**Student:** 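Just passing along the structure, written as structure tokens.
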Amino acid sequence: MTDYEPVIGLEIHVQLATRTKMFCSCALSFGEEPNTRTCPVCLGLPGSLPVVNAQAIQYGLMMALAFGSEINERAVFARKNYFYPDLPKGYQISQYDRPLCEGGALGDVRLTRIHLEEDAAKLVHVGESGRIHGSDASVVDFNRGGTPLAEMVTEPDLRSAEQARDWLNLLRVTLRQLGVSDVNMEEGSLRCDANVSVRPRGTTELGTKTELKNMNSFRFLERGINAEIARQVALLEAGDTVVQETLHFDPRTERISSLRSKEEAHDYRYFPEPDLVPVAPTPEMIESARDALPELPAARAARYEAAFGLSEDDARLFAFRRELGDWLEAAVAEGEGAAEPRAIANWTRGELISRIGADADPADSLVTPAALARLVALVQARTVNAGAAKQVLDVLVAEGGEPEAIVEREGLAALGDDGGGELSAIVDRAIAENPDVVERIRGGNAKAIGALMGPVMRETKGRADGGEVQRLLREKLGL
Amino acid sequence: MSTAALHHLTATEAIARIHAGELDAAELWHAYRARAAAEDLNAFTWVAPEGEPPAVAADAPLAGVPVAIKDLFCTKGIPSQAGSKILEDYRPPYTATAVENLERAGAPVLGKTNQDEFAMGSSTEHSAYGPTLNPWDRTRVPGGSSGGSAAAVAAGIVPWSIGTDTGGSIRQPAALCGIVGLKPTYGAVSRYGMIAFASSLDQAGPFTRDVADAALLFSALTSKDKCDSTSLGLPEPVRMPTATDLRGIRLGVPEELSGEGIDAGVLAAFQQSLDLARDLGATVETIRLPHAPHGLAAYYILAPAECSSNLARYDGVRFGARAAEGAEDLLSMYTQTRAHGFGAEVKRRIMLGTYALSSGYYDAYYGRAQKVRTKIADDFRTAFASFDFVVTPTSPTTAFELGAKLDDPLAMYLNDFCAVPMSLAGIPAVSIPNGLADGLPTGLQIAGPAFSESRILDAAHALEQAIGFDTTRAFSA
Amino acid sequence: MLSRDQVLHVARLARLELSEPEVERMAGELSKVLDHVETIAQLGDLDGVEPTTHVVDVENALRADVPRPSLPRDVVLAAAPDAASGGFRVPSPGAGANPTE
Ligand SMILES: [Mg+2]
Ligand SMILES: [Zn+2]
């Protein structure tokens with residue numbers, strides 16, 4: 001039996017987070033009443049003309065810079081002609097042979113191109129038409145029509161459904177941090193099609209690909225691609241061939257069906273949009289996009305590993321969740337060398353997040369970055385021990401405040417050997433009150449020393465350092 | 001002055017009298033409104049209702065002198081049908097920038113004028129609302145596509161009007177009706193709200209009885225419009241024409257556009273005007289525009305291609321008529337609505353353009369035509385290095401009889417032979433009355449480099465004075 | 001000469017229903033115009049010539065990203081041949097998504 005290797009490329013449509021539509025000044029729609037965000041331009045009324053949204057171009061340029069794409073000296077809008085009720089003009093204004101950006105990469109996946117275009121309207125099925133008995137009707141809502149889209153096409157560089165899912169997540173996080181899109185698959189601001197083919201492992205020639213339409217969640221994307229890989233492998237195993245076609249994956253039934261209608265093959269009759277002039281990004285436009293560019297997740301993660309000494313996983317966590325990264329950096333700055341960045345990261349990830357909720361933004365909590373930094377500094381200076389520090393954090397999360405004041409108020413300062421003999425006296429008392437335990441220890445059972453630790457820790461309400469207590473016990477028992 | 005004679009005033013004369021307090025703008029409006037309501041050329045598709053004229057600011061430069069608007073300009077709440085059944089009684093929710101500019105300058109809209117459907121035609125016979133008649137001879141066409149606007153001015157039903165020119169649709173009807181028609185530089189007048197035929201060629205401009213009025217109306221029309229990415233306005237304000245001679249002016253007469261295919265009578269009138277130009281001090285030389293003869297072929301690829309896409313929006317979904325036959329399934333909704341809504345010429349051009357853009361033909365047709373366009377623009381650039389203007393007859397023929405070319409699309413297209421090269425190059429050109437041939441008007445076309453309108457109109461002014469054409473001869477009673 | 005099938009194919013792309021006589025006539029008329037139009041194929045000096053898409057020498061005609069009021073819905077739907085449920089009712093396209101989606 002042949003071992004097959006999947007070859008996958010993605011086509012992604014991203015709604016850009018502009019205030020207005022791509023070619024008119026209607027505000028973008030977020031669930032308003034149907035057809036309340038429209039004008040002559042986005043309704044395609046006779047005589048109306050499109051005008052390009054400068055912010056959409058800026059977002060496109062930011063994407064090009066982030067992905068290292070080449071920016072076309074003269075990007076040209078083109079008309080893609082076809083009839084559909086959600087397409088008011090009978091053509092979509094898109095880009096064809098001169099897209100805004102060509103090439104580039106995110107991670108180890110190369111991009112073919114990024115172009116700008118307008119979104120279609122929404123078609124809502126309303127069942128039987130009121131006018132003609134027995135016929136099916138839909139209602140068109142043009143609120144979404146004309147929303148700016150960036151269409152990204154990747155090279156076929158992905159080799160598994162899981163890899164595709166992970167890469168799409170990296171893309172999502174990257175676009176969100178760029179601030180160019182809300183990138184929400186459920187709300188449709190990120191939509192993904194996959195081009196899938198398989199070939200015998202070890203060969204280089206590409207197999208016939210199929211296009212899997214509208215994978216509208218990460219889970220469906222992975223399952224859809226896997227189902228299609230399985231379908232293609234089964235076909236080839238049975239001696240059949242894969243037909244190049246457009247497919248739809250039904251996540252409920254996990255079935256794949258052909259989308260090809262009985263209609264003629266599409267002939268989009270692309271030609272340069274005469275109503276728009278070319279976009280020729282000037283050095284000023286590119287500089288302005290560069291200035292608007294935040295540090296990207298991959299670069300941020302690398303910096304956290306190098307500068308803060310974080311593990312790869314921790315670095316990714318803080319880099320991919322921008323709000324966590326921002327908070328960490330604020331705390332590190334407040335720590336000013338008294339608290340190690342890595343320790344602050346550990347306390348944030350391990351303790352703070354578990355107290356405020358995994359998805360919460362620490363900036364919304366009562367704990368300030370400065371408070372956490374000083375708490376970590378107290379621990380590192382052994383002014384409080386870890387257990388006590390956690391109690392301080394409980395208080396910080398519940399009511400905010402300054403860690404030093406809480407330590408003072410709650411009497412949580414660590415009891416070391418320089419604690420005025422207080423800890424020494426408590427240890428003596430524990431030895432005196434547990435003669436049977438002492439007997440067992442002296443009899444050779446070193447582990448029984450734990451039974452003396454408990455009373456000491458209880459007595460000190462956790463303020464004592466465990467290591468110090470053990471050292472004192474051993475010293476006093478002559479071990 | 002008697003009400004009966006008011007319509008003999010040119011717009012410039014009327015404005016002067018209104019500004020001097022000698023004439024009431026409302027009186028002028030009522031006189032013209034009555035003429036428009038009574039007209040029998042089928043020049044108008046809508047006439048403003050009786051009653052008070054639209055308010056105009058006292059110091060408005062156009063002083064309330066009414067204007068007629070080609071039907072394809074969107075006018076808010078007023079039928080804007082572009083000569084098509086598919087837009088029957090369509091009332092847009094907004095007004096075209098060009099019309100807003102005129103209203104702001106003080107020219108209220110007297111009516112909407114008849115045209116070939118979606119501006120596709122050279123006779124105004126391709127209107128779903130019936131043909132417009134030529135006031136010089138009612139058995140003949142006024143030219144087109146802006147035939148209603150041209151006929152209305154020639155008949156003294158309105159002092160001036162606006163039309164659009166894609167491949168001659170202002171200049172040719174101006175010539176056939178014996179009036180002045182200016183096609184401005186592409187980009188001088190906003191296309192926003194102008195129902196599109198071929199976007200890269202469409203340009204709005206004035207019809208007037210004389211060159212001074214043309215300059216005045218054009219100065220009100222032009223603007224750089226944020227709603228039209230291809231609009232530029234003008235680098236300098238329009239200068240009112242004053243020239244009375246052509247000393248130092250070099251005129252180039254392209255041999256490709258002034259010989260073969262031009263009617264003898266039209267040519268004779270043209271030669272007479274060239275003699276007058278020499279008398280006025282101009283030098284006249286024959287030049288070559290080697291690619292101009294291919295203009296028509298390139299035009300009949302580019303314009304239909306763009307129109308096939310521009311007219312895809314007439315689908316029976318958001319506005320306009322939906323064919324009852326097509327209501328039960330989507331495909332027949334489209335095909336029946338468009339079959340019933342469009343006339344024969346529009347269908348022909350949609351078919352031609354769809355074919356030219358379709359898979360496998362793009363390079364041979366559209367791509368090649370765009371290159372011819374480049375060559376034609378280069379030809380003009382070369383000519384204008386040595387000559388101030390290029391002059392040609394506007395139309396190869398005088399007004400032809402109704403129905404004469406309806407069954408022969410190619411013969412109809414040949415009407416625009418002399419006008420199309422300027423459209424492809426995007427340069428301005430004016431047609432002025434050039435005397436009669438067999439009792440019918442002929443036109444003289446003067447073309448110049450981009451944005452040379454003021455200079456063109458100045459030269460046209462000098463020639464107009466010398467030609468001395470009587471533009472009131474075809475006035476309706 | 002355009003074939004009957006070519007005419008029908010183009011009519012389908014253009015969403016035009018043509019009657020039998022129209023198909024006949026269209027084939028003849030289009031062929032005649034195409035014959036004329038094809039004279040540009042004889043022009044030999046077009047290699048390396050930049051195609052003209054725009055005669056205006058303008059780039060970057062951009063609009064600031066500032067919202068302006070949309071049209072009221074009753075105005076939007078006023079000219080609709082079949083308005084229903086606040087939208088434009090059409091026969092359902094049936095199975096299959098928008099080809100661009
Ligand atoms: Mg797309
Ligand atoms: Zn809009």
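All values reported here derive from a predicted model rather than from experimental measurement. Within every chain, numbering begins at 1; the chains are lettered A, B, ... in the order of the sequence lines, protein sequences first and strands thereafter.
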**Student:** Who in residues 19-58 of chain C is close to chain A, using a strict under-4.5 Å heavy-atom cut-off?
**Tutor:** C:Glu50, C:Thr53, C:His54, C:Val56, C:Val58
**Student:** Using a 4.5 angstrom heavy-atom cutoff, name the option from A:Ala75, A:Cys39, A:Ala280, A:Ser94 with the most pairs to chain C.
**Tutor:** A:Ala280
**Student:** What pair of heavy atoms forms the shortest contact from C:Phe88 to A:Asn35, and how long is it?
**Tutor:** CE1-OD1, 3.8 Å
**Student:** Cut-off 3.5 Å, side chains only: do C:Ser70 and A:Thr38 have a donor facing an acceptor?
**Tutor:** no
**Student:** State the CZ-CG distance between A:Arg37 and C:Leu71, to the nearest 0.5 angstrom.
**Tutor:** 12.0 Å
**Student:** Could you tell me whether A:Glu33 atom CD has more than 12 heavy atoms of other residues or ligands within 6.0 Å of it?
**Tutor:** no
**Student:** Which heavy atom in A:Pro85 sits nearest to a heavy atom in C:Val90, and how many Å separate them?
**Tutor:** CB-CG2, 4.0 Å
**Student:** Counting heavy-atom pairs under 4.5 Å to chain C, which of A:Leu276, A:Leu123, A:Thr282, A:Asp141 comes out on top?
**Tutor:** A:Leu276
**Student:** Which atom pair, heavy atoms only, marks the closest approach of A:Arg269 to C:Leu13?
**Tutor:** NH2-O, 3.5 Å
**Student:** What are the two closest non-hydrogen atoms of A:Phe83 and C:Ala14, and how far apart are they?
**Tutor:** CZ-O, 3.8 Å
**Student:** Should we say atom OH of A:Tyr270 is surrounded by more than 12 heavy atoms from elsewhere, each under 6.0 Å from it?
**Tutor:** yes
**Student:** At a heavy-atom separation under 4.5 Å, does A:Phe23 approach chain C through its side chain, its backbone, both, or neither?
**Tutor:** backbone
**Student:** Minimum heavy-atom separation for A:Pro34 to C:Arg73, with atom names?
**Tutor:** O-NH1, 2.7 Å
**Student:** CZ of C:Arg63 to SG of A:Cys24: how many Å apart, nearest 0.5 Å?
**Tutor:** 6.5 Å
**Student:** Residue by residue, which of residues 51-58 of chain A have a heavy atom closer than 4.5 Å to a heavy atom belonging to chain C?
**Tutor:** A:Val51, A:Val52, A:Asn53, A:Ala54, A:Gln55, A:Ile57
